[in-house]
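First the structure, in the form of structure tokens, and then the observations on it.
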Amino acid sequence: MKPAQTVLKKGNLLLIILMLFFSMTSFHQPAQAAEPLTVGVLAGSDVEGNNVNIHVQTNLPNKMKFFATITGPNGYNEEIKLKVKKDGKLKKTIGELDKGTYEIKFQSYQPKKQTDSMRKIIGKKGGNLEGDLVNKKKVIKFTETINITTPSEKELQKAAAEKQARIDAENAEKERIAKEEQAAKEKEAAEQKANEEKEREQQEAQDSAPAQEQGQIKGSYSGIYHVPGSTYYDRTTNVKEWFNTVAEAEAAGYRAPKR
């Protein structure tokens with residue numbers, strides 16, 4: 001009797017081990033039988049720099065088709081196609097995303113768009129699919145949110161370009177102001193030079209004018225004489241000669257002004 005009991009105990013032990021094995025691996029092993037399947041997923045996507053590694057563990061059949069819509073900052077919107085791997089995972093890498101928060105909406109294709117072999121597992125109309133993630137149309141839906149904290153290369157380039165643009169604008173403004181200041185200095189110098197030249201000419205005219213002796217009549221360089229009290233007497237400063245009488249002026253070749 002003892003050998004029989006020993007065999008029985010070993011058989012029970014083997015049965016218990018097998019039951020524990022199947023209970024522990026039921027989530028990780030993809031379903032392959034045409035029987036009710038309570039859908040389970042474990043989303044564990046991770047971020048490496050600006051790359052998102054989509055990683056979702058499921059208990060779904062190999063090659064079951066999904067698509068995912070990814071939305072994020074700056075109007076980012078992308079749709080990707082996925083298939084369940086042999087180990088029940090959905091995997092894909094998306095690169096060079098901008099800094100910010102992204103939402104990934106996963107959705108299985110409708111049963112009619114799955115392969116014939118897949119419909120044998122999930123049911124012709126997906127009737128074998130069960131669980132909170134399965135809607136009335138037997139489509140599996142779930143969402144994952146990820147956050148990228150590192151600026152992308154594109155964002156860094158944009159920031160550098162904007163910074164350079166600001167520097168260029170500041171330098172252009174400084175150059176404009178410098179040119180205006182230089183132009184103002186040159187104008188001021190030109191005006192000063194013109195004034196000095198005018199003063200010099202006036203001084204030369206005064207220095208070259210004959211000294212007034214006894215006469216009061218002015219003989220100008222234009223050949224006109226001006227008597228005291230006449231219209232242009234005081235205005236005439238370019239005096240060439242002085243005369244005591246009109247007769248002297250006329251004798252010297254000068255004429256009276258027309259008015």
Side-chain angles (χ1 to χ4, degrees), residues 47 49-52 69-79 94-103 146-259:
V47 176
N50 299 99
N51 298 330
V52 174
T69 303
I70 307 166
T71 55
N74 304 319
Y76 183 86
N77 190 308
E78 183 178 359
E79 183 175 295
I94 305 170
E96 283 303 310
L97 295 178
D98 293 342
K99 180 180 178 181
T101 301
Y102 292 79
E103 185 178 65
I146 57 173
N147 189 44
I148 295 179
T149 58
T150 305
S152 66
E153 184 65 25
K154 182 175 66 177
E155 288 178 302
L156 292 175
Q157 291 176 355
K158 181 180 179 182
E162 290 175 347
K163 181 179 179 181
Q164 187 60 48
R166 288 195 298 271
I167 293 174
D168 292 343
E170 290 172 359
N171 291 338
E173 180 64 13
K174 290 178 181 178
E175 185 177 354
R176 183 188 67 78
I177 293 173
K179 286 182 178 180
E180 288 182 353
E181 290 177 348
Q182 182 63 27
K185 288 180 180 179
E186 292 176 355
K187 181 179 179 181
E188 183 179 358
E191 290 176 349
Q192 183 176 353
K193 184 178 180 180
N195 291 334
E196 291 174 353
E197 183 68 20
K198 184 176 181 181
E199 291 176 359
R200 184 183 64 79
E201 290 176 353
Q202 290 176 348
Q203 185 63 44
E204 288 178 350
Q206 290 177 2
D207 292 343
S208 63
Q212 181 178 357
E213 297 177 351
Q214 297 178 352
Q216 297 294 319
I217 299 174
K218 297 178 180 179
S220 68
Y221 279 89
S222 58
I224 301 172
Y225 65 82
H226 301 277
V227 298
S230 64
T231 304
Y232 296 101
Y233 186 83
D234 292 333
R235 300 182 190 179
T236 302
T237 57
N238 58 337
V239 179
K240 185 177 181 181
E241 295 181 82
W242 295 90
F243 302 99
N244 291 315
T245 65
V246 170
E248 290 179 359
E250 291 178 345
Y254 292 86
R255 66 173 178 82
K258 293 182 179 180
R259 58 174 182 173

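Given the structure is predicted, the values throughout are model-derived calculations rather than measurements.
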**OP:** Count the heavy atoms belonging to other residues, nucleotides or ligands that lie under 6.0 Å from CD of E188, then report whether that count exceeds 12.
**Re:** no

**OP:** Would you check if there is a donor-acceptor pair between the side chains of T101 and N147 at a distance under 3.5 Å?
**Re:** yes

Subject >> V227 versus S230, closest heavy-atom pair with distance >> reply: O-OG, 2.7 Å

Original post:
Which value, rounded to the nearest 0.5 Å, describes the distance between Q216 atom CD and N244 atom CG?
Top reply: 8.5 Å

Original post:
For T71, what residues pass the side chain to side chain donor-acceptor pair (under 3.5 Å) criterion, not counting sequence neighbours?
Top reply: none

**OP:** Measure from the side-chain N and O atoms of N51 to the backbone N and O of E96, and report whether any donor-acceptor pair falls under 3.5 Å.
**Re:** yes

Original post:
Is it the case that D168 and Q164 place a side-chain donor and acceptor less than 3.5 Å from each other?
Top reply: yes

Original post:
Can you list the steps and then say if N50 with D98 is a side chain to side chain contact (heavy atoms under 4.5 Å, CB included)?
Top reply: CA-CA 7 Å; N50 299 99; D98 293 342; over 6 Å; no

Subject >> Non-hydrogen atoms of Y221 and N238 that approach each other most closely >> reply: CD1-O, 3.1 Å

**OP:** Run the salt-bridge test on R176 and E180 with the 4.0 Å N-O cut-off and return the result as yes or no.
**Re:** yes

**OP:** Would you mind reporting whether I217 and W242 have side-chain heavy atoms less than 4.5 Å apart?
**Re:** no

Subject >> Close side-chain approach of S220 and K240, heavy atoms under 4.5 Å >> reply: no

**OP:** Kindly indicate whether the side chain of R255, heavy atoms from C-beta on, has any atom under 4.5 Å from the side chain of I224.
**Re:** yes

Original post:
Side chain of T236, backbone of Y232: donor and acceptor closer than 3.5 Å?
Top reply: yes

Original post:
Which atom pair, heavy atoms only, marks the closest approach of P73 to K99?
Top reply: CG-O, 3.4 Å

Original post:
Between E173 (side chain) and A169 (backbone), is there a donor-acceptor pair under 3.5 Å?
Top reply: no

Original post:
So, is the end of the K218 side chain (NZ or CZ) under 6.0 Å from the ring centre of Y225 and within 45° of the ring's axis?
Top reply: no

Original post:
Which residues pass the salt bridge (charged side-chain N to carboxylate O under 4.0 Å, His left out) test with E186, sequence neighbours left out?
Top reply: none

**OP:** Mind listing the closest non-hydrogen atom pair of I70 and Y102 along with its distance?
**Re:** CG2-CD2, 4.2 Å

Subject >> Any side-chain donor near an acceptor of the partner, E241 and Y254, under 3.5 Å >> reply: yes

Original post:
Who pairs with K179 by salt bridge (charged side-chain N to carboxylate O under 4.0 Å, His left out), at least two apart in sequence or on another chain?
Top reply: E175

